[in-house]
Each structure stands twice: as C-alpha cells, then as structure tokens.
Amino acid sequence: MADEIIRLQDVVKTYKMGDHVVKALDHINLIVHSGEFLSITGPSGSGKSTLMNILGCLDLPDDGEYILEGRKVNQLKDNEMAVIRNQKIGFIFQNFNLISNLNALENVELPLIYRGWGAKQRREIALACLEQVGLAGYANHLPNQLSGGQQQRVAIARALAGTPPILLADEPTGALDRRTGKEVMDILEKLNTDGHTIILITHDMEVAQRAKRTVRIVDGRLYAGEEADHGIHHIH
Ligand SMILES: Nc1ncnc2c1ncn2[C@@H]1O[C@H](COP(=O)(O)OP(=O)(O)OP(=O)(O)O)[C@@H](O)[C@H]1O
Ligand SMILES: [Mg+2]
C-alpha cells in the first residue's frame, strides 16, 4: 500500500449563526494514500467545501486532528500553514479563479512567484505546465479570450506549477457543459496516472464515478461508497 498522505481524525467543524448551530462536519474520519484518486460527493450544504477548506489548510477544524504527510496541521502557525498550502496543495475551483488582467502564462506563474524563483525559470515551468494541459499555444491569451474548458485547464496548469503532491478540485466541472467537463476529467485522470494524488469534490455522480474511490458526505457525516443511500454505517 502506498504511503498515507492525509489523515482526518474525528474532525468537527461547527458554524454558529446567531442561535442557530450548523454542524458542517460531524466527526469525519478519512485516510487518503499517496496516488489515490478520491471523489467526495454529497448534496448541497452537506459540508463538501468545508471539508475541502480543511484539507487545503485554508481553515482549521474546531475539534479532531488533521495530519498531512505526518504533520499535525492544527499545531502549525499561520505562516507555516501558508507554506504547507503553497507547497503541498494545488487548488482547482468551480469558477477557475483566474486573474482577469493576467494572461494564461502569467496566471500559471503566480504560485511560483511566492516560491521566489527567477523570471526565466518561472516562465519555463509555467510553459511546461500549459503544455501538460494542451494549451501551449494559448500562453498570451487573457482569461476572457478562452473558453470555459480552456480556462479550467489554465487553472489546472496553475495548480500543477508548484508540483504539489495533492490536487484538490472543488466542483471542477460545475461551470462546464458535459463534453468540456469530460475533457477536464480526462486531464485529471491523466495527472492521477502520472502519480498525483487527487481529491475531487462534486455533486455529479457521473463525474464522481471516474475517481478510483468514492466517499459521500451527508449532513456533515462521511460514508464509504454507497452506504449513505442506505443510511446506516457512519465511518468510525
Ligand atoms: N462561513 C460560514 N458561515 C456559516 N455557515 C456556513 C459557512 N460555510 C458553510 N456554512 C454552512 O455549513 C454547511 C456546509 O456548507 P458547505 O459549503 O461545506 O456545503 P457544500 O456541500 O459545499 O454545498 P454546495 O454543494 O452547495 O457547494 C451548510 O449548512 C452551510 O450553510
Ligand atoms: Mg461547496
């Protein structure tokens, strides 16, 4: 079995809105091994993005533990968390989140600037990443000069630029039509074959089925595979 890369132990996240308390994550246990392609499905409001924020070191659990490559994330300082986030995680979002006045190449270069690499090296890496997603010829295009699928591929190239071991994708096909969504999934599948660990969040079962393993989250609780539909076995 490959190395364990992610472990969530009894992770709880609660939001308070006035008197109203939402248990967005209710004692989540999850282990992900290096090289896995895992999808997390669940209805709207079930806690998927909350989980993604914690996995991506954008937020901390209220309770429980997150261990990333053997390090306890809860115990890191803010600046240490930012470093881990930059080095370990590549993010892919539903709405691409590209900077509109930067071209494709400059968007892909962005995460490398924080690494302190020189301009020439940045350019070479960013070009190689654009090539990996089939967009070498589009380096000078601004986001609004690209189709939705192409914009998402730029976002994937940006996620790859820092060679993070983990790619986290939150509804990467959510803003795309079916055919374009399939192209994006083809790329994610290829990246997984190349060794990237991928965690994909989606409410689309057809998209989810392309992962090697599927878990489901309902009302903040995580279930293996189809269990949620039978409503019994909460993973412990
Ligand atoms: N910052 C916040 N403040 C208060 N409540 C929040 C906050 N973020 C999320 N929630 C609540 O936590 C629950 C889980 O939200 P989350 O965004 O994780 O759901 P989701 O599964 O990603 O949904 P969707 O499929 O619609 O994106 C919801 O009830 C939501 O209203
Ligand atoms: Mg969400």
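We count residues from 1, following the sequence as given. All ligand and atom numbering here is 1-based and tracks the order in the structure.
Between D204 and T41 there is no side-chain heavy-atom pair separated by less than 4.5 Å. Residues I5 and P165 have side chains in contact (heavy-atom distance under 4.5 Å, counting atoms from C-beta outward). Two residues are said to be in side-chain contact when any heavy atoms from C-beta on lie closer than 4.5 Å; E189 and I198 fail this criterion. Proximity of N29 to Q9: side-chain heavy atoms (C-beta onward) are separated by under 4.5 Å at one or more points. Looking at F91 and L167, their side chains never come closer than 4.5 Å, going by heavy atoms from C-beta outward.
Using a 4.0 Å heavy-atom cutoff, G42 is absent from the residues neighbouring ligand 1. At least one heavy atom of P43 sits less than 4.0 Å from an atom of ligand 1.
Less than 4.0 angstrom separates atom 30 (C) of ligand 1 from none of the non-hydrogen atoms of the protein.
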Query raised in the report: Does the side-chain contact (heavy atoms from CB on, under 4.5 Å) test come out yes or no for E171 and K48, once each step is laid out?
Result: CA-CA 10 Å; E171 299 281 3; K48 301 184 297 299; 3.9 Å; yes
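For ligand 1, the polar-atom distance check against G45 finds a nitrogen or oxygen pair separated by under 3.5 Å.
Screening K13, K23, K16 against D62 for a salt bridge (Lys or Arg N to Asp or Glu O under 4.0 Å) leaves a single residue, K13.
For V22, every heavy-atom contact with ligand 1 shorter than 4.0 Å involves the side chain, none the backbone. Of all the heavy atoms of M17, the ones lying under 4.0 Å from any atom of ligand 1 belong exclusively to the side chain.
Note: the hydrophobic cluster containing L200 does not contain I54 (ILVMFWY, side chain heavy atoms under 4.5 Å, direct or indirect links).
Summarising the contacts of atom 16 (P) of ligand 1 with T50, I40, I217, the nearest heavy atom is found in T50.
Looking only at heavy atoms of the protein, atom 6 (C) of ligand 1 is closest to Y15 CD1, 3.3 Å. In terms of protein heavy-atom proximity, atom 26 (O) of ligand 1 is nearest to S44 OG, 2.6 Å. The protein atom (non-hydrogen) at minimum distance from atom 27 (O) of ligand 1 is S49 OG, 4.0 Å. Of all protein heavy atoms, the one lying nearest to atom 25 (O) of ligand 1 is K48 NZ, 2.7 Å.
Inclusion of T50 in the first shell of the Mg ion (ligand 2) is not supported: no N, O or S atom falls under 2.8 Å.
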